[in-house]
Amino acid sequence: MTALVWCPFPDEATARAVTGQMIDERLIACANLFDNMTALFVWQGERGEAAECGALLKTDAARMAAAVARLEQIHPYDTPAIL
C-alpha cells in the first residue's frame, strides 16, 4: 500500500537535497516538488510570510514510520510540519 507524506521546505534546493537523500536511503520511492508556494504563518508570536517549496513524498506504508522519523532528523526547520 502506498503512503503519502506532505512537508514544506524553505526552498527547492533544500527539498531536492533532503528528498534525494531519502530516495538514496530507500525510505521513499518518489517526491513531487511544488516550488513557489507562499506560507502565511504565526511563529513565536509574530506574523510572517515566506516563500517555501512543498514536497509530496511517496513511500510504502511499511516504511512510513521510518521515513517520517528520518525526515524529522534531516529537515532544516526546528519544528517541520510533517503530515
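Note that NZ of Lys58 is 12.0 Å distant from OG1 of Thr19, once rounded to the nearest 0.5 Å. Between atom CG of residue Leu33 and atom CZ of residue Arg16 there is a gap of 6.0 Å, rounded to the nearest 0.5 Å. Considering CD1 of Ile74 and CD of Gln21, their distance stands at 4.0 Å, rounded to 0.5 Å. Note that CG of Leu4 is 11.5 Å distant from CG of Leu83, once rounded to the nearest 0.5 Å. The OG1 atom of Thr14 sits 8.5 Å away from atom NE2 of His75, with the distance rounded to the nearest 0.5 Å. Separation of atoms CG (Asn32) and CH2 (Trp6) is listed at 9.5 Å; rounding is to 0.5 Å.
Of all heavy-atom pairs spanning Ile28 and Ala67, the tightest one is CG2-CB, 4.3 Å. Pairing each heavy atom of Tyr77 with each of Pro8, the nearest pair is CE1-O, 3.9 Å. In terms of heavy atoms, Ala61 sits closest to Ala3 at CA-CB, 3.9 Å. Here the shortest heavy-atom pairing between Ala15 and Cys53 reads CB-SG, 3.9 Å.
Following chains of ILVMFWY side-chain contacts shorter than 4.5 Å, one cannot reach Ile23 starting from Leu56, and the two form parts of different hydrophobic clusters.
Not a single side chain to side chain donor-acceptor pair (under 3.5 Å) links Arg26 to another residue, sequence neighbours left out.
A heavy-atom distance below 4.5 Å is not found between the side chains of Glu52 and Phe41. Looking at heavy atoms from C-beta onward, Leu27 lies out of side-chain contact with Thr59 at the 4.5 angstrom threshold. In this structure the side chain of Leu71 never reaches within 4.5 angstrom of the side chain of Pro80, judged on heavy atoms.
More than 12 heavy atoms of other shown residues, nucleotides or ligands fall within 6.0 angstrom of atom CZ in Arg70.
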